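Please read the structure below before turning to the comments.
From a predicted model like this one, the values you see are computed outputs, not experimental measurements.
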Amino acid sequence: MLSSLISRRFLKPSFLNSGFYASLYHAIYNPLIASQQCINRNPGQNHSFSPFKPSHFGIYDNEFCKSVGSLSNFQLVGYISTSPSRLGQDKENKNQSSGSNVISGGGVSWIDLYLPKLVRPYAQLARLDKPIGTWLLLWPCVWSITLAAPPGHLPDFKMLSLFGCGAFLLRGAGCTINDLIDRDIDTKVERTKLRPVASGLLTPFQGLSFLGFQLLLGLGILLQLNNYSRVLGASSLLLVFSYPLMKRFTFWPQAFLGLTFNWGALLGWAAVKGNLDPFIVLPLYVSGVCWTLVYDTIYAHQDKEDDLKVGVKSTALRFGDSTKEWLTGFGIASLGGLALSGFNAELGWPYYAFLGVASGHLGWQIWTVNLCCRSDCNRKFVSNKWYGAIIFGGILAGRLSS
């Protein structure tokens, strides 16, 4: 600003009005005028003040205009790019771009950073970078194992470890089955089009081979359980293989996912006790199914537009604008089943205190979720790992105090 005032004060008008110096002045202080002058100027025009010959001046003036244009463009770009409105717009566009990358699965994860290139597609196929599925599969197992512990005792740590490994492997196997069956659908859905089989990173044969490897490891864990649990665990494979097909035939695939994901509520008790107590495990199982209907319906709202285009079904499409009312009913049923199971298992009073906290968490999910916002649906879905942890804390405290 100071240099501008000094220059304007001491430069003579006649000096500024001369072609060469006028161009230089405007290039510095008014880039828009300078650019326009260079566009309009005739390079062959003879300027009386110039010591150069007209033919030479045209060449010199033309080169000077290029320099002025570059300087003007530089200042103009600097002005525009640093203006507050432009900065806000760039930030908003960046956030939108970042959000779309996360939703579509295009973000960089630890798999891309640390695993060998050959292994990465298999790790992505098993969703190793998204452990929420393993947690949701594991929690009903942990609940059941803890319920089966003797009063005043901690749960069996060997069983917890075995079921932890089993949940990890079975969840990966389920994702592999899902991607193999849905590979034609996944290419049409924004969130799933980059999955390894759908995108062509892995062939169906490679996916099948990886599935066989996962199931073989899972069989090794199952064989360490009692015979009753082996039969019960093997029977869950019928649900695992049939679930991916349900979205083609019914609006209730989330219910079938609940039947599959909560099988551990039956299996955990059977692994410890060698039998099933229907008064304890059946309410627990039904509670888990209703809980799955809550979190997976929220999850399904991420894909409802794509599902309509592709022609697949979900509870998100079935419930529509009444989704929150349906979820409230399933949430109440889930909490009621947990209360009944704990009562029949003779858990101590701390269990019900934790159950009150869990009900607050579930209510927060249902009533604050923005079902039109994919990122918010995903945040609420992922938060269910904490809901499962709260229930586990309540069962553990109730069992130790019983």
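With hydrogens and angles disregarded, a donor-acceptor distance shorter than 3.5 Å links the side chain of Ser236 to the backbone of Gly233. Side-chain N or O atoms of Asp306 include one that pairs as donor or acceptor with a backbone N or O of Glu190 at under 3.5 Å. The closest donor-acceptor contact from the side chain of Ser144 to the backbone of Ala265 lies under 3.5 Å. Side chain of Asn226 to main chain of Ala270: a donor-acceptor pair is present (N/O by atom type, distance under 3.5 Å, no hydrogens or angles). One N or O on the side chain of Gln302 and one on the backbone of Tyr299 form a donor-acceptor pair closer than 3.5 Å. At least one donor-acceptor pair under 3.5 Å links the side chain of Lys304 to the backbone N or O of Leu371. Asp376 contributes a side-chain N or O that, together with a main-chain N or O of Asn370, makes up a donor-acceptor pair within less than 3.5 Å. When atom types are taken as modelled, the side chain of Asp296 and the backbone of Thr292 share no donor-acceptor pair closer than 3.5 angstrom. A donor-acceptor pair under 3.5 Å is formed between the side chain of Ser235 and the backbone N or O of Leu232. Side-chain N or O atoms of Ser401 include one that pairs as donor or acceptor with a backbone N or O of Ala397 at under 3.5 Å.
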Worksheet item: Yes or no on side chain to side chain contact (heavy atoms under 4.5 Å, CB included) for Phe354 and Ile391, after CA distance, side-chain angles and deciding distance?
Response: CA-CA 7 Å; Phe354 276 84; Ile391 298 299; over 6 Å; no
Practice prompt. Could you walk me through whether Val142 and Phe163 pass side chain to side chain contact (heavy atoms under 4.5 Å, CB included), step by step?
Written response: CA-CA 8 Å; Val142 173; Phe163 274 79; over 6 Å; no
Item to complete: Check the pair Leu267, Ser229 against side chain to side chain contact (heavy atoms under 4.5 Å, CB included), reporting the backbone distance first and the verdict last.
Response: CA-CA 6 Å; Leu267 188 58; Ser229 301; 3.9 Å; yes
Discussion item. One pair to check against salt bridge (charged side-chain N to carboxylate O under 4.0 Å, His left out): Asp182 and Arg248. What are the steps and the verdict?
Written reply: CA-CA 10 Å; Asp182 287 350; Arg248 293 166 170 81; 2.9 Å; yes
Item to complete: Under the side chain to side chain contact (heavy atoms under 4.5 Å, CB included) rule, what do Asn384 and Leu136 come out as? Steps first, then yes or no, please.
Response: CA-CA 8 Å; Asn384 280 278; Leu136 296 176; 3.8 Å; yes
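In this pair, Tyr295 and Trp291 present their aromatic rings perpendicular. The plane angle is above 60°, beyond the 30 to 60° band.
Contact record, Lys324 with Val369: NZ-O, 3.0 Å, taken as the closest heavy-atom pair. Here the closest heavy-atom approach between residue Ser341 and residue Leu147 is recorded as OG-CD1, 3.7 Å. Across every non-hydrogen atom of Gly331 and Val294, the tightest pair is N-CG2, 3.9 Å. The two residues Leu317 and Val312 make their nearest non-hydrogen contact at CD1-O, 3.6 Å. Considering every non-hydrogen atom in both Ile177 and Pro244, the closest pair reads CG2-CG, 4.0 Å. Shortest non-hydrogen contact noted between Gly398 and Pro350 is N-CB, 4.4 Å.
A side-chain donor-acceptor contact under 3.5 Å links Ser402 and Arg399.
When the shell of 6.0 Å around OH of Tyr352 is examined, it contains more than 12 heavy atoms from other residues, nucleotides or ligands. Summarising the local packing, CH2 of Trp364 is surrounded by more than 12 heavy atoms from other residues, nucleotides or ligands at distances under 6.0 Å. For Leu223, the CG atom is densely surrounded, since the number of other residues' heavy atoms within 6.0 Å is greater than 12. For Trp349, the CH2 atom sits in a loose shell: 12 or fewer heavy atoms of surrounding residues, nucleotides or ligands are nearer than 6.0 Å. Glu305 CD: more than 12 foreign heavy atoms inside a 6.0 Å radius. Counting non-hydrogen atoms of other residues, nucleotides and ligands closer than 6.0 Å to CZ of Phe168 gives a total of 12 or fewer.
Taking the ring centroids of Trp139 and Trp143, they lie at or beyond the 6.0 Å cut-off. Taking the six-membered ring wherever Trp is involved, the centroid distance between the rings of Trp252 and Phe256 does not fall below 6.0 Å.
Among Arg191, Arg374, Lys309, the single residue meeting the side-chain hydrogen bond (donor to acceptor under 3.5 Å, both in side chains) criterion with Asp303 is Arg191.
How far CZ of Arg195 is from CZ of Arg127: 4.0 Å, rounded to the nearest 0.5 Å. In this structure, CG on Leu194 lies 8.5 Å from CG on Leu201, to the nearest 0.5 angstrom. Put simply, OG on Ser314 and CZ on Phe319 are 9.0 Å apart, with the number rounded to the nearest 0.5 Å. To the nearest 0.5 Å, the span separating OG on Ser383 from CG on Leu362 amounts to 9.0 Å. The distance from atom CG of Leu282 to atom OG of Ser287, rounded to the nearest 0.5 Å, is 12.0 Å. For the atom pair CZ of Phe210 and CG of Leu180, the computed distance is 10.5 Å after rounding to the nearest 0.5 Å.
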